[in-house]
Colleague: 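This is the structure, below, for whatever I ask next.
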Amino acid sequence: MFLIQCPWCGNRAETEYRYGGEAGISRPKDPDALSDAEWSDYLFYRSNPRGAHKELWNHAQGCRRWFEVERDTVSYKIARSYKLADRNSESGS
Amino acid sequence: MQLDRLKTGGRIDRTRPLNFRFNGKTYSGFAGDTLASALLANDVALVSRSFKLHRPRGIVGAGAEEPNAIVQVGTGASTLPNMRATQVELYDGLEARSTKGWPNLRFDLAALNDRFSKVFGAGFYYKTFMRPKAFWKYYERFIRASAGFGIAPTEPDPDSYEHRNAHCDVLVAGGGPAGLMAALVAARSGARVIIADEQNEFGGSLLSGSESIDGKPAAEWVNAVIAELRDRGNVTVLTRSTVFGYYDHNFIAVAEHCSDHKGERAADGVRERLWRVRADQVVLAQGAFERPLVFCNNDRPGVMTASAVSTYINRYGVCPGKRAVVFTNNDSAYRTALDLNNAGIPVVVVDCRKSGAGSLGATADAAGITVLRGHIVSDVIGRHRVSGIRIARWDGDTQSTFDSTIRIDCDLLAMSGGWSPAVHLHSQSGGTNAWDETRHCFVPAESAQANVSAGACNGHWSLKACLQDGIDAGAEVAARCGLRTMPVELPVTTEGTDNPMQALWRVPASKDPDRCPKQFIDYQNDTSVADVRLAAREGYRNVEHVKRYTALGFGTDQGKLGNINGMAILAECLGKTIPEVGTTTFRPVYTPVTFGLGAGENVGELFDPIRKTAIHERHQAAGSPFEVVGQWHRPWYFPQGGEDLHAAVARECLATRNSVGMMDASTLGKIDARGPDVVEFLERIYTHDVGRMKVGRCAYGIMLREDGMLMDDGVMARLGEHQYYLTTTTGGAANVLNWLETWLQTEWPELKVYLTSLTDSFSTIAVAGPKSRDVLQNAGCSIDLGKENFSFMSVQQAVLAGFPVQLFRVSFSGELAFEINIDSAYASQMWQILMESGKEFDITPYGTETMHVLRAEKGFVIVGQDTDGSVTPVDLGMNWLLSKNKDFLGKRSLSRQDCVRDDRKQLVGLLSVDGSTVVPEGTQLIEDPGAPKPVPMCGHVTSSYFSATLGHPIAMALVSAGHRRKDETIYAYLADNLVVPVTIVSPVFYDAKGARQNV
Amino acid sequence: MSDSSRRLHGLEFFLRSQQRPDTKASGIHARILDDVTHVNLRGNSNDAEFNRGVEKVLGQALPVEPNTVSIRESHIYWLGPDEWLVVSKAADSPGLATRLENTLRNIHSSVNDISGGQVTFTLSGENVERVLNKACTIDFDAGTFKPGHCAQSGLAKASVLIGCIEQSRTFELIVRRSFADYVARWLRHAARHHGIEFR
Amino acid sequence: MKKYSGLSLVTGALRHNRNWQPAWRKPDPKREYDAIIVGGGGHGLATAYYLAKEHGVRNVAVLEKGWIGGGNTGRNTTIVRSNYLWTEASLLYEKSLKLWENLSQELNYNVMFSQRGVYNLGHTLQDMRDIERRVGANRLNGIDAEVVNAEQVKQAIPLINTSPDARYPILGASLQRRGGVARHDAVAWGFARAADALGVDIIEQCEVTAVNRDGGQVTGVETTRGRIASKKIGVVVAGNASVLASMADLRLPIESHPLQAFVSEPLKPVLDTVVMSGAVHGYISQSDKGELVIGAGIDAYLGYGQRGSFQTIEHTMEAIIQLFPMFSRVRMLRSWGGIVDVCPDACPIISKTPVQGLYFNCGWGTGGFKATPGSGWVFAHTIAQDRPHELNAPFDLNRFTTGALIDEHGAAAVAH
């Protein structure tokens with residue numbers, strides 16, 4: 001059972017969280033401008049890497065905040081977790 | 001009469017004799033015995049039969065590694081299958097039996113298998129039982145009947161189990177010399193420590209030996225350490241607690257056995273406790289397993305590991321034999337020889353090494369023990385019990401064979417093939433192991449998580465080295481926890497010098513490995529050297545293939561005894577090195593754990609919460625059966641007298657249509673959404689033009705998943721310029737709130753909107769029917785409920801019967817109806833008040849079933865019943881809800897090629913042509929009843945009821961191109977290939993104009 | 001209609017149905033509180049005006065430190081960076097939500113009286129942490145989980161809010177109404193060996 | 001290929017079992033093959049076998065980075081059934097089931113396919129609607145299926161808890177009598193042996209490190225055992241599909257998740273059939289060795305670690321005890337995890353790709369084992385003919401663009 005650091009509540013057991021999939025899949029600004037193929041890439045296609053992965057977790061039983069986690073999908077080691085607001089900064093832990 | 005019980009010694013309590021039964025015979029032992037030690041004390045050598053060949057088997061080990069002594073303990077509901085006699089603590093009245101052997105253990109017909117063992121070689125079943133094809137099920141019945149060891153209970157478990165979540169700086173797994181030392185150092189440094197040991201007392205290997213520490217018997221030192229640990233406030237000391245699982249992020253699972261040692265049932269308290277430990281650091285100190293030697297007939301009862309023999313002598317005061325031989329390739333077994341000698345048992349040492357042992361060798365010589373150096377045991381004589389062995393001189397050539405052998409009579413053969421550190425947990429945690437060429441074993445290499453291995457489990461054999469390693473490990477983990485470590489000095493022990501062990505994986509025999517008597521590697525599964533060689537010969541050469549093909553290590557001991565020997569022997573016949581062959585994966589669990597332990601208290605009614613509305617008890621009192629909807633229990637119908645479902649529903653429907661009915665709709669999800677950007681936000685979520693709603697108005701709204709499929713629906717009300725009140729389906733409540741929050745937080749953080757769940761805070765009572773207005777008026781309502789003041793699809797604050805409420809004029813039944821939202825703290829009273837106010841109109845409470853019928857008569861869908869994850873709003877004929885003026889979630893998907901097909905399955909109504917058949921929900925629909933299989937299906941029935949109001953059955957269905965097929969006849973395919981014609985009609989069966997609800 | 005105007009927490013039936021435990025064996029005392037006001041408050045704590053407004057009505061500041069509860073006349077729980085739960089037993093507390101709403105009218109915020117949707121237990125007795133730790137992964141060690149500390153987490157299969165409100169190891173356990181019956185049953189079962197008494 | 005039979009065992013015994021030949025050779029890779037199958041699991045080996053047998057393509061290599069059958073083939077709970085809801089899926093799985101029914105004889109290797117029946121339990125009214133719907137669809141598709149009530153369930157499975165007071169009472173079930181279980185390792189070994197006999201090279205310890213292309217056409221692969229050329233490459237690597245895809249600059253609508261399973265200690269026969277329950281999340285059967293074989297839930301996060309979280313195992317144990325309260329005292333002997341490749345619609349992708357000559361077979365999620373022969377059969381056709389067989393045409397990658405998903409889990413019950 002993972003130990004995940006919520007940027008607000010601190011280290012909590014995995015059971016308090018909800019996994020949210022790959023991070024950084026943002027909704028196209030103008031969907032109608034996209035071809036069916038481009039739209040389906042947004043809908044269904046994921047990088048699904050073996051190794052480093054940026055993913056979304058939600059502290060469902062806690063503060064209900066979504067945040068980002070950098071986790072290795074093989075070792076399951078968590079490099080860092082940070083608020084969505086800090087996505088592009090190196091802060092977080 | 002305990003024939004083999006030594007006069008003195010052992011850690012048993014001779015003042016407390018205990019009676020027990022084994023295979024129907026009564027024996028006695030002492031408190032402190034295990035079933036195994038007590039059986040040995042009573043000279044019971046034959047305890048079981050092997051899995052495949054049904055060879056007679058005796059006790060080999062003294063702990064978790066035992067492969068043979070697998071017994072059934074206890075009776076009836078509390079019987080325990082597959083218990084290792086070596087780990088079953090004796091209690092008075094213990095009832096145990098072996099489950100192998102028919103008609104009995106001694107004379108087992110299936111032992112014939114042994115005669116044909118070469119036919120039953122590795123993987124034989126893959127090569128036969130194929131013809132005639134039809135016979136496989138008979139073959140298999142026979143195979144199944146002969147498989148398995150234990151017998152599962154057939155009654156529910158009378159005992160209870162519990163969990164305990166714990167947190168610590170340092171968890172120490174194993175309470176032998178190294179573990180105790182590590183715990184002591186960590187504890188003195190101020191760390192929060194948990195130390196767990198699987199045995200009933202601490203000490204580990206010290207309990208089996210005769211060493212002394214600081215000049216005193218080791219036991220005294222152990223007691224002193226434990227006493228200090230217990231005294232400290234920061235240490236949790238757990239006995240009978242097996243660390244069985246090492247999971248990610250230092251999550252450790254420990255099984256505490258609370259009651260098995262006291263009796264068959266956990267009289268009071270729990271049987272087992274699962275410690276779910278989150279440890280900052282872990283010290284792994286579970287010691288090592290002694291390896292058997294692999295020689296001919298090395299499975300005969302009376303052949304044991306040397307350390308087990310020492311354990312029985314020193315810990316239990318039992319000597320498993322009268323004349324002993326010790327066969328070894330290393331020094332440690334000389335201790336066993338000395339133990340036997342001290343116990344007055346004549347013993348001969350057979351050491352494969354020309355050099356023999358180091359200082360222990362000298363001690364043995366001095367004690368007058370015969371030591372045959374440069375010799376090996378080539379075969380064992382005796383079937384149900386060792387009666388003697390054959391030995392031969394050996395020059396060190398592992399491939400050699402010979403015939404000149406000498407016979408030695410004995411009834412006990414203690415063997416030692418060296419030691420294997422218990423790297424199980426280290427490996428589970430992701431750590432790697434390295435082969436140590438000098439110690440001939442795998443030792444922990446890289447750690448993958450925050451842990452340190454110490455003592456024998458780190459490859460140290462001498463007591464001094466283990467104690468020192470424990471000190472170092474304790475200091476290391478304390479430091480990692482950022483604690484200042486207190487110096488602890490190394491206790492004084494007496495150390496000799498050992499000669500190096502000689503690798504001897506397969507002991508040469510008089511014939512070559514394929515023809516000599518069986519040389520067992522895995523006792524339980526009868527895996528022999530010949531089997532491993534056969535596997536390799538047939539191309540199963542990867543160690544995992546060999547394991548799976550020969551069942552090596554698949555026994556209930558998980559190969560603790562045999563795996564390393566097996567890998568080494570595989571390496572030999574492949575001409576590879578052991579590290580090249582590698583180990584199989586060490587999977588959880590270290591030793592087996594009960595399902596009950598994993599489930600803990602989440603069984604029975606606590607398996608999953610039952611969510612109850614504020615009015616639940618009243619429904620219960622009214623005798624309503626409940627429908628399970630997600631976690632909720634909702635009243636299904638309210639039977640009167642002996643009414644069945646259909647009678648009750650018919651009555652409830654008619655009452656509602658003709659007068660007034662009432663239902664508890666509290667399980668609907670309710671969300672308060674407000675903020676300056678709430679309109680913009682909801683526009684993006686819902687498909688209709690949310691902004692057009694006037695304050696005080698209600699509207700039906702739907703939301704789609706991004707793939708365009710219907711996700712949820714409900715009524716929303718605009719309570720203010722910047723405040724909406726959203727309702728969701730019962731099952732969708734949590735998902736919808738999460739869905740909305742997710743978009744707000746991850747995609748549209750710039751939108752100023754706050755969402756709050758009100759699902760539990762407000763209860764909803766729906767009053768429906770022509771008389772509903774009168775009922776509310778009777779109850780005393782602060783507002784004019786007339787159409788002019790309070791029109792259909794509007795909302796108003798009011799005081800009803802003295803309670804503040806929010807009144808919605810919405811209808812899910814098509815009748816004049818009001819939905820009363822009230823503070824849940826008053827909902828139960830309000831229900832009662834309305835029942836009273838409605839008396840004169842014979843107000844009728846109704847449940848989910850009637851609600852379903854009423855809405856079906858109106859053609860209203862239920863998300864999740866009339867839809868699944870593959871239905872768009874267009875399929876449902878809800879185009880009018882899809883705004884052209886904006887984008888919304890899922891909109892883009894609706895224009896995908898497959899979503900614009902005109903033959904998609906679309907929602908329609910169905911009438912059975914015979915006017916009487918109620919087609920079961922889920923029934924498939926077809927065009928041509930005569931078509932050959934596979935018959936094309938054009939849809940299925942999603943809802944189907946007998947409408948008491950209309951006097952005939954009605955159904956809703958999803959039918960291919962249904963919208964343009966009105967009045968066509970298709971066929972419903974019932975069970976038993978029965979087919980009934982049905983006509984496609986509009987899904988609105990009743991009051992199509994909607995006049996009744998708008999009055 | 002005096003009786004029917006009483007607020008019900010929904011566990012009256014549960015309380016009636018519990019067989020009297022021999023109180024000497026009651027290691028754990030569970031009280032189900034009547035007439036507690038719960039107000040869910042959302043807003044921006046970086047907005048001075050918002051803070052002032054709240055403090056004016058509540059007489060105490062909002063805790064901005066995660067996992068803390070401000071214990072004064074009201075217990076104000078930190079639920080999230082922009083969300084708080086105000087728990088009050090004050091006589092005038094039923095009007096709390098309205099007062100807050102009026103004060104915060106012109107500030108982006110959200111006030112909801114959710115009293116009817118929540119059930120409040122207080123748990124005391126030396127074994128409370130032990131019982132909670134049977135099905136909650138929070139570390140209740142007295143050294144770390146002190147008065148003023150709180151945590152939202154799971155208790156068995158329910159989501160809960162747990163606060164340490166007194167030195168005497170007294171905890172406030174808050175659950176959603178529809179889960180209260182389950183949580184009460186769970187407590188009764190889980191604490192049976194310590195003896196538990198509900199009031 | 002030396003024939004296996006009871007007689008062969010006896011003659012073997014007389015020769016001290018020294019006469020047995022390797023079940024499959026250990027060849028070094030050739031420079032070039034007519035077709036390369038990446039992935040030596042059941043699906044890959046079956047594909048190679050049917051390529052050789054049905055399509056005469058015998059110059060084939062199966063490249064396995066570890067040991068054959070070491071992935072999900074050797075890690076699943078061996079359930080075989082074809083009672084799927086949607087016609088596209090059920091016809092594909094039914095094709096597979098039909099192949100299973102003669103597989104031991106066809107391969108001359110006893111895969112111990114045991115048709116002891118599969119019960120899918122229904123616990124709510126919606127469950128029963130879905131069962132009614134699925135069973136009807138199955139029967140119309142010519143697949144054996146029946147709806148049974150709680151009493152019939154109790155008769156077939158005496159130990160199961162059918163009390164109406166259960167937290168999730170059993171209202172009924174669907175039953176497919178032809179469903180059952182098989183010996184998973186034997187499936188890989190049997191296909192390997194049969195394919196090898198037809199000339200297929202099975203190359204273990206050979207990891208693909210790159211996919212070579214000449215413009216839009218594949219030309220071969222780089223491996224840890226050197227470069228191997230081929231104009232047709234079929235990739236069937238389950239959880240690692242996305243990794244292989246990225247080597248060809250492709251993305252897939254797939255996520256890889258841990259899926260765990262465990263077995264009990266061996267017991268005397270107590271469970272004669274396969275029991276599955278969606279509502280309480282557990283499925284269980286008993287192997288011929290006596291072990292209760294139990295499937296746990298899928299872990300929510302991405303995971304290539306072949307292990308999952310312990311609470312997932314705990315939940316499954318709760319579920320099993322819900323169904324079988326007496327198993328509370330039975331012990332888990334061993335647990336493990338696999339990597340399942342999950343598609344948005346819980347249906348596989350058996351498809352050509354934008355790269356000519358490159359074919360993917362993946363996305364089987366938690367249900368791949370039962371499809372092993374059928375999957376290989378249609379994939380072999382797709383590779384040999386360079387177009388899908390009608391059975392796997394619906395499982396084209398393109399469906400994610402058009403929206404023509406075959407939504408097996410979307411069709412599962414949603415509480416309302």
Side-chain angles (χ1 to χ4, degrees), chain A residues 1-5 7-8 11-44 54-61 63-69 71-78 81 83-87, chain B residues 163 165-167 245-253 276-280 429-431 446-450 684-685 704-709 734-735 737-750 754-757 884 886-900:
Chain A
M1 183 165 74
F2 294 171
L3 184 66
I4 300 171
Q5 184 178 52
W8 288 273
N11 284 329
R12 296 292 186 90
E14 178 192 338
T15 43
E16 290 186 7
Y17 298 91
R18 182 188 301 110
Y19 178 71
E22 181 173 359
I25 309 273
S26 51
R27 188 167 196 272
K29 287 284 157 283
D30 180 5
D32 290 327
L34 301 182
S35 69
D36 283 1
E38 291 165 324
W39 179 249
S40 83
D41 189 75
Y42 154 70
L43 278 184
F44 301 124
K54 288 189 178 184
E55 55 197 27
L56 288 165
W57 287 83
N58 178 261
H59 194 186
Q61 284 189 323
C63 61
R64 299 198 292 130
R65 296 301 97 186
W66 283 99
F67 59 97
E68 241 174 73
V69 171
R71 185 179 60 93
D72 185 294
T73 59
V74 180
S75 73
Y76 297 172
K77 284 200 164 54
I78 291 175
S81 65
K83 303 172 182 176
L84 297 182
D86 304 334
R87 266 182 243 224
Chain B
H163 291 180
N165 292 283
H167 306 256
Y246 196 135
Y247 301 90
D248 286 287
H249 302 181
N250 263 19
F251 180 77
I252 316 293
R276 307 166 91 243
V277 182
R278 184 74 66 176
D280 186 352
S429 74
E446 294 296 306
S447 285
Q449 299 194 41
R684 299 181 188 182
I685 299 285
L704 313 182
R705 306 188 318 219
E706 273 286 59
D707 65 1
M709 304 303 150
N735 308 342
L737 182 63
N738 173 45
W739 175 251
L740 302 186
E741 270 292 348
T742 303
W743 286 103
L744 267 182
Q745 290 182 37
T746 63
E747 282 288 324
W748 309 320
E750 72 282 1
Y754 286 127
L755 303 167
T756 309
S757 168
K884 306 253 176 304
K886 61 167 186 178
D887 184 28
F888 52 80
L889 297 180
K891 187 180 192 181
R892 174 64 182 82
S893 290
L894 295 176
S895 58
R896 290 176 304 169
Q897 188 182 326
D898 191 71
C899 293
V900 295

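Naming: A, B, ... by sequence-line order, numbering from 1 per chain.
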Colleague: With sequence neighbours excluded, what pairs up with B/N738 under the side chain to side chain donor-acceptor pair (under 3.5 Å) test?
Modeller: A/R18, B/T742
Colleague: Mind checking side-chain contact (heavy atoms from CB on, under 4.5 Å) for A/I25 and listing every partner two or more places apart, or none if nothing turns up?
Modeller: A/E22, A/Y42, A/R46
Colleague: Can you tell which of A/G20, A/A85, A/S26, A/S75 has the highest number of heavy-atom pairs within less than 4.5 Å of chain B?
Modeller: A/S26
Colleague: Once you round to the nearest 0.5 Å, how far does CG of A/N11 lie from NE2 of B/H167?
Modeller: 11.0 Å
Colleague: Indicate yes or no: at least one non-hydrogen side-chain atom of A/E68 is less than 4.5 angstrom from one of A/L56.
Modeller: yes
Colleague: Tell me, side chain or backbone of A/W66 under 4.5 Å from chain B's heavy atoms, or both, or neither?
Modeller: both
Colleague: For B/L737, is it the side chain, the backbone, both, or neither that has a heavy atom closer than 4.5 Å to a heavy atom of chain A?
Modeller: side chain
Colleague: Hey, does the Lys NZ or Arg CZ of B/R684 hover above the aromatic six-ring of B/W743, less than 6.0 Å from the centre and inside 45° of the axis?
Modeller: no
Colleague: Is it the case that the side chain of B/R892 and the backbone of A/L34 share a donor-acceptor pair, with hydrogens and angles ignored and the cut-off at 3.5 Å?
Modeller: yes
Colleague: So which of B/L889, B/N165, B/D248 has the biggest tally of heavy-atom pairs under 4.5 Å with chain A?
Modeller: B/D248
Colleague: What part of B/Q745 lies closer than 4.5 angstrom to a heavy atom of chain A: side chain, backbone, both or neither?
Modeller: both
Colleague: Using non-hydrogen atoms only, which part of A/F44 is less than 4.5 Å away from chain B: side chain, backbone, both, or neither?
Modeller: side chain
Colleague: Counting only non-hydrogen atoms closer than 4.5 Å, does A/L3 touch chain B with its backbone (N, CA, C, O), its side chain (CB onward), both, or neither?
Modeller: both
Colleague: I'd like to verify something: which residue of B/R896, B/K891, B/R278 has the highest number of heavy-atom pairs under 4.5 Å with chain A?
Modeller: B/R278
Colleague: Quick check for you: among B/A253, B/A448, B/S893, which has the greatest number of heavy-atom pairs under 4.5 Å with chain A?
Modeller: B/S893
Colleague: Could you report the tightest heavy-atom contact between A/Q5 and A/Y17, atom names first, then the distance?
Modeller: C-OH, 3.9 Å
